[in-house]
Amino acid sequence: MTSSAPLVLASKSTSRSAMLKGAGVPFETVPASVDERAIEAELGQAPPGEVALALAKAKALAGARAHPQRLVLGSDSLVTCAGRRFDKPASREQAASHLAWFSGRRIELHSAAALARDGVILWSGGEVARLTVRDLSPDFIEAYLDLEWPAVSHCVGVFRIEGPGVQLFSHIAGDHFTVLGMPLLPVLGALRSLGELPG
Ligand SMILES: Nc1nc2c(ncn2[C@H]2C[C@H](O)[C@@H](COP(=O)(O)OP(=O)(O)OP(=O)(O)O)O2)c(=O)[nH]1
């Protein structure tokens with residue numbers, strides 16, 4: 001028995017709304033405002049998967065507070081590479097420095113999600129994808145950003161895998177949706193188990 005009101009997606013991410021739309025999940029988008037940097041600071045050196053999960057839960061709970069009795073989905077993605085953690089780039093220069101750091105290394109993209117209703121986390125989960133970055137010359141990075149800035153200012157990892165971002169990699173291990181920014185398959189499984197989607 002599904003609830004009458006559709007799922008609330010507490011995210012401004014066009015990638016996440018596109019995933020749910022493509023999957024045929026009825027939802028409405030109401031971005032949640034949480035202080036991600038403050039939560040990250042509180043968590044200090046916690047493992048990256050735990051940080052992404054905590055942020056996803058915080059977004060879901062914030063959305064649930066604003067929408068009583070509604071099922072709310074929050075999600076978060078972050079990148080780690082060679083011991084450093086990366087959020088979305090704040091400038092083209094920062095994007096170039098992220099890419100220079102990623103060059104010739106493997107990045108881990110942690111994507112997490114959580115479902116909440118009336119202050120209770122009903123489900124949460126996360127996945128990691130591992131992407132091997134080619135050696136990127138400074139000229140390539142500038143030409144790539146000529147193409148993809150500012151579009152990739154919304155993307156952790158400074159790439160859209162469905163676009164020219166795929167040129168950055170020599171190998172990708174992990175689920176496509178995890179790379180796009182949300183572990184969609186476990187989210188769909190949770191929605192089914194909560195009776196929000198037909199089994
Ligand atoms: N289109 C696209 N977006 C990507 C890709 N990889 C990562 N992203 C996006 C998904 C998320 O929007 C963003 C990760 O940043 P956050 O988890 O902080 O989410 P964002 O601030 O976008 O929205 P939210 O906090 O949920 O309101 O990166 C990709 O390959 N393609």
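This is a predicted model, so every value here is computed, not measured. Because only heavy atoms are used, hydrogens play no part in the values below, and waters and symmetry mates are left out as well, while side chains stay in. When a ligand or atom number is given, it counts from 1 through the structure's own listing order.
Of all the heavy atoms of Ala18, none lies under 4.0 Å from any atom of ligand 1, so neither backbone nor side chain is involved. Contact annotation for Ser15 and ligand 1: only side-chain heavy atoms (C-beta onward) come within less than 4.0 Å of the ligand.
For the pair Arg105 (side chain) and Trp101 (backbone), a donor-acceptor distance under 3.5 Å is present. In this structure a side-chain-to-backbone donor-acceptor pair under 3.5 Å is present from Ser103 to Leu136. Counting only distance, with no hydrogens or angles, the side chain of Arg117 and the backbone of Ala64 share no donor-acceptor pair below 3.5 Å.
You'll find the side chain of Arg37 reaches within 4.5 Å of the side chain of Asp87, heavy atoms only.
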- Item | Criterion side-chain contact (heavy atoms from CB on, under 4.5 Å) on Glu40 and Arg85, from CA distance to verdict | CA-CA 10 Å; Glu40 287 178 342; Arg85 198 163 75 202; 3.5 Å; yes
- Message: Applying side-chain hydrogen bond (donor to acceptor under 3.5 Å, both in side chains) to Thr80 and Arg106, what does each step give before you reach the verdict?
- Response: CA-CA 9 Å; Thr80 58; Arg106 191 175 72 174; over 6 Å; no
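Here is the list of ligand 1 atoms found below 4.0 Å of a heavy atom in Ser75: 26 (O). Per-residue contacts place Phe159 under 4.0 angstrom from the following atoms of ligand 1 (heavy atoms of the residue considered): 5 (C), 6 (N), 29 (C), 30 (O).
Residue contacts with ligand 1 do not include Gly157, since none of its heavy atoms lies under 4.0 Å from the ligand. The shell of residues lying under 4.0 angstrom from ligand 1, judged by heavy atoms, includes Glu36. Within the 4.0 Å heavy-atom cutoff, Ser77 counts among the residues contacting ligand 1. Using a 4.0 Å heavy-atom cutoff, Cys155 is listed among the residues neighbouring ligand 1.
Across the listed options Lys88, Met19, His154, Lys88 owns the non-hydrogen atom lying nearest to atom 18 (O) of ligand 1. Considering only non-hydrogen atoms, atom 27 (O) of ligand 1 lies nearest to Lys12 out of Lys12, Arg16, Glu162.
Among the candidates Val179, Thr132, Ile161, the single residue satisfying the side-chain contact (heavy atoms from CB on, under 4.5 Å) test with Phe169 is Ile161.
Aromatic ring pairs are classed by plane angle as parallel below 30°, tilted from 30° to 60° and perpendicular above 60°; the pair Phe140 and Tyr144 is parallel.
In this structure, Phe86 is a member of the same hydrophobic cluster as Trp149, with clusters built from ILVMFWY side-chain heavy atoms closer than 4.5 Å. Hydrophobic clustering (ILVMFWY, side-chain heavy atoms < 4.5 Å, transitive): Phe27 and Trp123 are in one cluster.
The closest protein non-hydrogen atom to atom 8 (N) of ligand 1 is Leu180 O, 3.7 Å. Given atom 11 (C) of ligand 1, the protein heavy atom at minimum distance is Ser13 OG, 3.6 Å. The shortest contact between atom 26 (O) of ligand 1 and any protein heavy atom is with Ser11 OG, 2.6 Å. Looking only at heavy atoms of the protein, atom 25 (O) of ligand 1 is closest to Lys59 NZ, 2.7 Å.
Looking at residues two or more places apart in sequence or on another chain, you find a side chain to side chain contact (heavy atoms under 4.5 Å, CB included) between Leu147 and Pro164.
At least one N or O atom of Ile161, backbone or side chain, sits closer than 3.5 Å to an N or O atom of ligand 1. Inclusion of Val156 in the set of residues having an N or O under 3.5 Å from an N or O of ligand 1 is warranted. Considering backbone and side-chain atoms alike, Val179 places an N or O below 3.5 Å from some N or O of ligand 1.
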